[in-house]
Protein chains: 2
Amino acid sequence: MPTAGQSGKTPPRGKRADAQRNEQVLLAAAAVFVNSGVDAPIRRIAAEAGVGMGTIYRHFPTRSDLVVAFYRHQVDACAQAGPTLLAEADSPFAALRAWVDLFVDFLVTKHGLAKAMQSDGGGFDALHAYFLDRLVPVCARLLDAAVEAGEIEPGTPPQELMRGVGNLCIGRNSDPDYDPRRLVALLLRGLRAG
Amino acid sequence: MPTAGQSGKTPPRGKRADAQRNEQVLLAAAAVFVNSGVDAPIRRIAAEAGVGMGTIYRHFPTRSDLVVAFYRHQVDACAQAGPTLLAEADSPFAALRAWVDLFVDFLVTKHGLAKAMQSDGGGFDALHAYFLDRLVPVCARLLDAAVEAGEIEPGTPPQELMRGVGNLCIGRNSDPDYDPRRLVALLLRGLRAG
DNA sequence: GCTGAAAGCGGAGCGCTGTTCCGTTTTGTC
DNA sequence: GACAAAACGGAACAGCGCTCCGCTTTCAGC
């Protein structure tokens, strides 16, 4: 994937050089999300980046925007894996299962991302929206294919399945005995026709 | 410094009258949980009750304790419904399904309770513990009965199922289109032997 | 009744958040 | 180099949980 827009010497919309620089620095500093979770204090990220609070808010009006920017390419990779899996797997349902596994892996390896994705009152609306925008269509295609192949029953909206899977992944880090994968597997089993 | 020597001041088992009164007043004020969710500011509950912050923290060291005290009888009712349903339903699996429905109803009608129950970092540990203490044994008995009747596959720990169901109920209020019941039904379907 | 120690109370205060606002600095252009 | 616009930095404000300690209430023993 290309690095954030500008290659060579064409600044996209006339952003100033220092602004572009700071945006990159902020994205790099957002790596604290990896270890401290997406709830890491804004001040900390600003300090990590060596910029002031004003700067961070100007570039990313909500924490959600920063999180989206930071994880965007991973979400995109997950979205792109959908069609590939559908083409290569033994059956549409197998593809769906593999894709959901990918999604679950993504969520459980990011502290608190699943929780943040629910967006209920936490100001993570942009994150929620981005996940839905990118992944629901992919999920829909996989579901449709599986329905068409007679492997699962129709009637489950993709956004509902996504939401459910996301919800099941919440709190994995707070309880090492809890493994969302087993429950997600049960959920998918419940979809099967028969 | 207390002059320790007095004749037997009996340290009474019972609390002082004003303390008992305030505890009742606080429990009544905790009704703000119903409309404002379990995240309602402590200050607000204190104000509602007409007491100071110190009082509320003395009676309920964590917000979790207050929530537990407020919803305790409803949780107990849910726990007690387990054996009843098992005795009256057509089959153990039907009883399990009915009981889970009861649990889901309880969770979705309390703003944010499901989220709080996850206890990941929110200081809701006592709430989490109480739910588990009271409901996991009930769930275990229902699961065992259904396994014994050959209706579901063995291998799902009750605490995992509880957690999964609880997780699926998160955020129902933030998205009216999301209905956890359908997904919970799928999950239970996934348990079935066959 | 009184009385005084212990139990309980109240809320100011601390530390931590997110977010805004505006004087100062940097940048790019003429 | 000058100058306006863009961007910056962090002090300041608001809201939160929680603690701490001087003041008030209770109640057994007289």
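Residue numbers begin at 1 in each chain, while the letters A, B, ... track the order of the sequences. In this text the structure is predicted, and so the values were computed from the model without any measurement.
- A straight line from CZ of A:Phe124 to P of C:dG18 spans 9 Å, rounded to a whole angstrom.
- Taking 4.5 Å as the limit, some side-chain heavy atom of B:Gln118 sits within range of a side-chain heavy atom of B:Arg163.
- Taking the ring axis of A:Phe93 as reference, the NZ or CZ atom of A:Arg192 stays within 45° of it and closer than 6.0 Å to the ring centre.
- For the pair B:Ile56 CD1 and D:dC20 P, the interatomic distance rounds to 18 Å; values are reported in whole Å.
- Atoms CZ (A:Phe60) and P (D:dA7) sit 14 Å apart, rounded to a whole Å.
- Nearest to the side-chain atoms of A:Ala17 among the listed nucleotides D:dC18, D:dC8, C:dG28 stands C:dG28.
- The phosphate of D:dA7 has neither OP1 nor OP2 within less than 4.0 Å of any side-chain N or O from A:Asn22.
- Here D:dG9 presents its P atom at 9 Å from CG of A:Leu26, a figure rounded to the nearest Å.
- Surrounding CD of B:Gln20 are more than 12 heavy atoms belonging to other residues, nucleotides or ligands, all under 6.0 Å away.
- The distance between atom OH of B:Tyr57 and atom C1' of D:dT19, rounded to the nearest whole Å, is 9 Å.
- Residue A:His59 has no polar side-chain atom (N or O) positioned under 4.0 Å from OP1 or OP2 of D:dA7.
- Of the candidates C:dG10, D:dG17, D:dA7, the closest approach to any side-chain atom of A:Ala19 belongs to D:dA7.
- One cannot find a donor-acceptor pair under 3.5 Å joining the base of D:dG17 and the side-chain atoms of B:Arg63.
- Here the side chain of A:Arg16 is nearest to one of C:dG18, D:dA6, D:dT25, namely D:dA6.
- The nucleotide whose nearest atom lies closest to any side-chain atom of A:Lys15 is, among D:dT26, D:dA7, D:dG17, D:dA7.
- For the pair A:Gly54 and A:Ala40, nearest-nucleotide mapping onto DNA chain C gives the more 5' position to A:Ala40.
- Classification of B:Glu23 and B:Lys15 as a salt-bridged pair holds, one side-chain N sitting under 4.0 Å from a carboxylate O.
- The 5' end of DNA chain D is approached more closely, in terms of each residue's nearest nucleotide, by B:Pro61 than by the other of B:Asp18 and B:Pro61.
- Within 6.0 Å of CD on B:Gln74 lie more than 12 heavy atoms contributed by other residues, nucleotides or ligands.
- The side chain of A:Arg58 lies closest to D:dA7 when the candidates are D:dA7, D:dG10, D:dC18.
- Contact annotation: B:Thr55 reaches the phosphate of C:dG10 (side-chain N/O to OP1 or OP2, under 4.0 Å).
- The interatomic distance linking B:Gln20 (CD) with C:dA7 (P) rounds to 15 Å, in whole Å.
- Rounded to an integer number of Å, the gap from B:Ile42 CD1 to D:dT19 P is 11 Å.
- Contacts of A:Arg21 with the nucleic acid, taken as non-hydrogen atoms under 4.0 Å apart, involve only primed sugar atoms and P, OP1 or OP2.
- Closest contact between the side chain of A:Pro41 and the listed nucleotides C:dG10, D:dC8, C:dG18 involves C:dG18.
- In this model, a donor atom of one side chain and an acceptor atom of the other lie less than 3.5 Å apart for A:Tyr130 and A:Asp76.
- Donor-acceptor pairing under 3.5 Å, judged by distance alone, is present between the side chain of B:Arg43 and the base of D:dG17.
- Here the side chain of A:Met53 is nearest to one of D:dG10, D:dT26, D:dC18, namely D:dG10.
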